[in-house]
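Read the structure below first, then the notes.
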Amino acid sequence: MSSESSSPASTQAQGDKPSYKQTLNLPKTAFPMRANLVQNEPASMKRWDGMRLYDTLRQLSADERRDLWSFHDGPPYANGSIHLGHLLNKVLKDFVVRTRTMQGLDVPYVPGWDCHGLPIEHKVMTELVESGKAAKLDTLSDDDRRMAVRRECRKYAEKFIKLQTGQMRQLLTVADYDHPYLTMQPEYEAATLEVFANLVEHGLVYRALKPVHWSIANQTALAEAELEYYDRQDLSVYVWFEVEDVAALLKAFGLAGKDPKEFADLKPSLMIWTTTPWTLPANLAVAVHPRYEYVLAMMGGRPTVIAAELYAKVKSLREKSSAHGAAELGRCKGADLLGLTYRHPFCNRVSPVVSAEYVTLEDGTGLVHTAPGHGAEDFQTGHANGLDIYCPVRADGTYDDTVPDWLRGMDIWKANEVIAKRLEDDGAMYFSHTFTHSYPHDWRGKTPVIFRATEQWFAAVDKPRAGDLDLRTLALDQTRDDVKFYPEWGRNRMRGMLESRPDWCLSRQRAWGLPIPAFFDADGNYLLTRRTVMCVAEKVRVKGSDAWFTMSPAQLLEGYDAASDPDAPDSFKAQAWQSVGPESLRKSSDIFDVWFESGCSWHAVMDQRGQADLANGKPVELYLEGSDQHRGWFQVSLLTALGATGRAPFKALLTHGFTVDKDGKKMSKSLGNTIEVEDLLKKYGADVCRWWVASINFEGDIKVDYSLFDVAGESYRKVRNTLRFLLSNLDDYTPLDQRETMPGASLDAWVLGEYNRVSQEVRAAYDRYDFRAAHSTLYDFCNDTLSAVYLAATKDRLYCDRPDSMRRRRTQRAMWELCDGLCRLLAPILPHTADEAYRSLWKVDAKDTSRCVQLTTYLDAIDVSADAAWTKVMAAREASQQTLEAARAAQVIENPLDAEVHVQDADGALAAFATRFADATGDSFEAEFADLLGVSRVKFVGPGAARVVALADEPRCERSWKRDGTVKQRSDGGWLTDRDAQAVGVA
RNA sequence: GGGCUUGUAGCUCAGUUGGUCAGAGCGCACCGCUGAUAACGGUGAGGUCGGAGGUUCGAAUCCUCCCAGGCCCA
């Protein structure tokens, strides 16, 4: 308009351009648009540390007598840097702690580490070997050597605990990092022994043979991780085991017509195959697969039982003729062979055919030589069939005296040939040849390893606990009825694992761990009672488990008297022993399986620190770990607690899935698809990483890719900008102590009502650990309800109204509540950003620690009652947006402020509401609706009359850019609406 | 090989007990704003719900099998 350039207003403004800009209340805030998380999060951390946030929360809880809500951290292994799984796990735990804390509960969180165990010891031993120190250690006494290794292991664990603590703190987790629990702490070790003492008392601990990997060269047991596989030449033998009960054999193959006596002269036999002939003296059974098919066929002149599928293959090893079929006498299923018996080819005994599912048809004969003392599967089969765990091989790799005399004292490797020769001579060898295969070797000595049964300590799963049910039944009962599972399918999964788990082998033959406090006398009898364990526990509580290695049996048992211990074996009570005393005892050299230690944390941490009291029926509220812990920590914790107290240590179990790459594949260093936590933190900052965690469905596999963090970053920025916009419009606002009530007809009441609903939804989602739902509800609220609707609609009044107009102040009050409430709802997920915004809201400076969102609780519901008509208003708004968009597409208008929209008000509800609105607020509802659409004017019209009218010909307010029909030239020469004229103070 | 589990638009996910359940957000495309501006607003296109059978009047939703993943065992 030509008149604009000549108006006084324009000349009063700067230079030649007309402007009312400096008369507006434009947004202003110190809260930056760009978060700069990587740079700014450390400052938040420092501030929280300075105010001792964790301790302050505990103090606050004590002062306010908050209810305790106990949460228990499962200990990660003190080895290496934290990985994505840790990030996910620790952040989820932090969500739980923070959401419950903001609810007004007392939620202490003690982080822990699993410190003992093979991975560390192995790593330390490797370093000692490489540096040449290991050889020196081997010259020391057993106790001294172990102590030396243990010292190195402790240093190693401490180093990584420190490293991981720093990394976990970078994730902005709130925890008692000054007082973590470590499974190698004396008080933890002592408490572990206390639990063990209870298990011993309840008769659940026993000693039995079990095959382990054994290094003959070092006379020590080895773990899987200590094996290295190299090629080795061995003798592969196919051996006949002559059937004892020929009649039963004939019956199994449906050959009842044959005469057993006559048939027996043909020496009908089972054909087995093995690559370790030296284990044959320990053979106690032959295993078949119950569903496979077996044939009885002539091989090498004997009626031979062999898997149907392997018959031709094995027969061709020795017999070149192709007419195999003619030699077949009968067929049956493996199940039909069960219970048959055979004579050992050179030991004087008869053994049975048993069933085993692991029998395969890839190699051998389908009939598996089973030596329960010399193989893991053999052991299980032996157990299942009540066989002895027979192991005639001594620690030095020679046979003991239970084998035939021609083998006694012989080295097992030499025995391979001797046994083969004997089988040949006796006509029991069908075929043999040397072949090369991959075979496990000792990582240190590079010598071949064998499976050898050794005495181990076990916890019985099926034995009745004194005066009670057995652990398996107890565990199944409690996981069926008493424990909650998130997600629910965890129940089924864990119960399935409980149903099939074998007895728990508690012992390991290592140095870096908690010793099993058993004593042996010269005859091999052991002393292990509740009292002896408690006696040792006292020493351990003072000196740590090193005491076991530095103290003598007499010192360790000081204060213990076998004679008065009702549980002590008679041999230890006997007069003769009493005169010799504990000094004559030998200390056990076994340590506990590390799972036993971590499985005792409910007592060692939660009981001891007063956060739970299982014996008196106060278990922990929640354990939260990856779903692998259904078999791991959850299960071992359950078993130790049931064994010691009869009760489950937790009320609920929450599991998350595992991180996979963007294609859903497992992450591994060898595939090169791993992503480092350090890199994510450096690139995105903790709050964005946490925002990402909150966005995922953690129950299943979790895809991880940088692009997903980019998305999380974008989404974070939207929320941040909403907070920023709220803050920037509150710059000139101070909340009044007394809250006025919002007129229910006002838009502000509507948005606060929406906030109340969202707040309730978010808190309910937090309650059920549905962080994803909370995340998306918060996100949608910021974007949709606030950014697109409320903030867009109120911009005009905030900028253009008189600063202290009632309408503007009312909106500012609503915005204050929104900002305050949002900060608190966001705080569990975005601790840094929420606190940054919260502090900005209160305008406290960097050093000021008087305000901290983490010390608040969620805002109570705001006392408003929005007019029910707002639902219709918002629907009409959406419909009108379509009308507007169509007009824009038809080029009726470009800028919405050039438009008057005729809004369809079919039932007159809007018009009716307009009256209530005007009465309550003193403002025009048409103008309010125009703001909701971002247009200049609105009219309510009847059905079918919705349209857009262009207002380009009407004068435009130079201040608010509206064409609301009141624009005219004012006393200062500017063209203004009535409202703007009043705001500027011109007539 | 077994137990549990996952597979819905390019991406992340909603879809209670089978019947407007084919949805949301991001991304993308187009438009607007330029007084939230390394921002903001509006509109739109996109999927035979891993595959194949089956039950049913009707299935993403129940059953069977298969394919591709994950955890734990063997």
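Heavy atoms only: backbone and side chains are in, while hydrogens, waters and symmetry mates are out. Chain letters run A, B, ... following the sequence lines, proteins first, then strands; residues in each count from 1.
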(request) Pick base, sugar-phosphate or nothing for A:Pro896, based on heavy-atom distances below 4.0 Å to the nucleic acid. (result) sugar-phosphate
(message) Counting only Watson-Crick pairs (N1-N3 plus N6-O4 or O6-N4) and G-U wobbles (N1-O2, O6-N3), all under 3.5 Å, who is the partner of B:rC21?
(response) none
(message) Quick check on B:rU12: is either OP1 or OP2 less than 4.0 Å from any side-chain nitrogen or oxygen of A:Lys703?
(response) yes
(request) Tell me what A:Leu24 touches on the nucleic acid: a base, only sugar-phosphate, or nothing, going by heavy atoms under 4.0 Å. (result) base
(request) State whether the distance check finds a donor on one side and an acceptor on the other, under 3.5 Å, for side chain A:Arg493 versus base B:rC4. (result) yes
(message) What contact category does A:Ala792 fall into here, base, sugar-phosphate, or nothing, at under 4.0 angstrom with non-hydrogen atoms?
(response) nothing
(request) Kindly say if A:Arg717 contacts the phosphate of B:rC40, meaning a side-chain N or O under 4.0 Å from OP1 or OP2. (result) no
(request) Give one of base, sugar-phosphate or nothing for A:Arg959, where a contact means two heavy atoms less than 4.0 Å apart. (result) base
(request) Quick one: sort the A:His630 and A:Phe634 rings into parallel, tilted or perpendicular, breaks at 30° and 60°. (result) perpendicular
(message) If you take the centroid of each ring, where Trp contributes its six-membered ring, are A:Phe596 and A:Trp504 closer together than 6.0 Å?
(response) yes
(message) Pairing check on B:rA39: which nucleotide meets the Watson-Crick or G-U wobble criteria with it, both distances under 3.5 Å?
(response) none
(request) Establish, with yes or no, whether the OP1 or OP2 oxygen of B:rA36 is under 4.0 angstrom from a side-chain nitrogen or oxygen of A:Tyr799. (result) yes
(request) If the glycosidic angle is within 90 degrees of 0 it's syn, otherwise anti, so just tell me which one B:rG46 is. (result) syn
(message) Tell me whether the side-chain N or O atoms of A:Asn895 pair up with the base of B:rG32 as donor and acceptor below 3.5 Å, since no angle test is needed here.
(response) no
(message) Suppose we call a contact any N or O donor and acceptor under 3.5 Å apart; does that hold for the side chain of A:Ser787 and the base of B:rA36?
(response) yes
(message) Using a heavy-atom cut-off of 4.0 Å across all strands, would you classify A:Lys718 as base, sugar-phosphate, or nothing?
(response) sugar-phosphate
(request) Name the orientation class of the two ring planes belonging to A:His383 and A:Phe379 (parallel below 30°, tilted from 30 to 60°, perpendicular beyond 60°). (result) perpendicular
(request) Send over the distance from A:Met497 CE to B:rU5 C1', rounded to a whole Å. (result) 11 Å
(request) Under a 3.5 Å limit for both distances, which nucleotide forms a Watson-Crick or G-U wobble pair with B:rG47, could you say? (result) none
(message) Using ring centroids (six-membered ring only for Trp), state whether A:Trp633 and A:Tyr623 fall under 6.0 Å.
(response) yes
(message) Please classify the nucleic acid contact of A:Asn721 as base, sugar-phosphate, or nothing, using heavy-atom distances under 4.0 Å.
(response) base
(message) Is the terminal nitrogen or CZ of A:Arg720 (NZ for Lys, CZ for Arg) located under 6.0 angstrom from the six-membered ring centre of A:Phe31 and within 45° of that ring's axis?
(response) yes
(message) Both distances below 3.5 Å, Watson-Crick or wobble geometry, any strand: find the nucleotide opposite B:rC26.
(response) B:rG10
(request) Could you let me know what B:rU64 is paired to, Watson-Crick or G-U wobble, both distances under 3.5 Å, or none if it's on its own? (result) B:rA52
(message) Rounding to an integer number of Å, can you tell me how far A:Asn729 CG sits from B:rG35 C1'?
(response) 11 Å
(request) Remember a base hit wins even if backbone is also touched, and classify A:Lys21 as base, sugar-phosphate or nothing at under 4.0 Å, heavy atoms. (result) base
